[in-house]
Amino acid sequence: MNQPIELSLEQQFNIRSFATQVQHMSHDQAKDFLVKLYEQMVLREATYKQLLKHQWGIDEGSTWAA
């Protein structure tokens, strides 16, 4: 994967919109939001891992790097 991933115009717009929303948050709101965002990222990663395990037929007893 030598080529950088390019974002669609919609994705670029969503990032810009997100940046604007964050700029209008208080410091405490931004900190709370960041923790919630990180939690969602961790949950997404765990979901992807579970889906891949299921798709690849990896049994629950095997060790898989977290």
Side-chain angles (χ1 to χ4, degrees):
M1 221 167 129
N2 294 334
Q3 296 177 339
I5 296 173
E6 292 189 30
L7 300 176
S8 69
L9 288 176
E10 180 181 7
Q11 290 168 321
Q12 292 176 34
F13 173 80
N14 287 334
I15 291 171
R16 197 88 126 138
S17 174
F18 178 79
T20 301
Q21 290 175 359
V22 171
Q23 287 176 346
H24 292 96
M25 289 181 185
S26 71
H27 185 73
D28 286 338
Q29 286 175 321
K31 288 193 307 186
D32 289 342
F33 185 78
L34 187 58
V35 170
K36 289 176 186 173
L37 183 61
Y38 183 74
E39 180 182 2
Q40 288 180 357
M41 289 170 49
V42 171
L43 288 170
R44 179 184 295 177
E45 181 180 0
T47 301
Y48 288 158
K49 286 181 179 181
Q50 282 301 112
L51 289 171
L52 287 173
K53 281 183 183 180
H54 179 73
Q55 184 67 30
W56 294 344
I58 299 172
D59 65 60
E60 295 296 318
S62 66
T63 57
W64 208 59

Q: With a 4.5 Å cut-off on side-chain heavy atoms, are V42 and Y38 touching?
A: yes
Q: If you measure from CD1 on I58 to NZ on K49, what distance do you get to the nearest 0.5 Å?
A: 11.5 Å
Q: Could you tell me the separation between the CD1 atom of I5 and the CD atom of Q11, rounded to the nearest 0.5 Å?
A: 9.5 Å
Q: Taking all atoms of both residues into account, what is the closest heavy-atom pair of H24 and Q29, and its distance?
A: O-OE1, 4.5 Å
Q: Got M41 and E45 here, is their nearest side-chain heavy-atom distance under 4.5 Å?
A: no
Q: Supply the atom-to-atom distance M25 CE to L34 CG, rounded to the nearest 0.5 angstrom.
A: 10.0 Å
Q: Ring centroid separation for F18 and F33, is it under 6.0 angstrom?
A: yes
Q: Closer than 3.5 angstrom, by distance alone: can the side chain of S17 be matched with the main-chain N or O of F13 as a donor-acceptor pair?
A: no
Q: In Å and rounded to the nearest 0.5 Å, what is the CG to CG distance from N14 to L9?
A: 11.0 Å
Q: For the CD atom of Q12 and the CD1 atom of I15, what is their distance to the nearest 0.5 Å?
A: 7.0 Å
Q: Using 0.5 Å steps for rounding, measure from the OG1 atom of T20 to the CD atom of Q23.
A: 5.5 Å
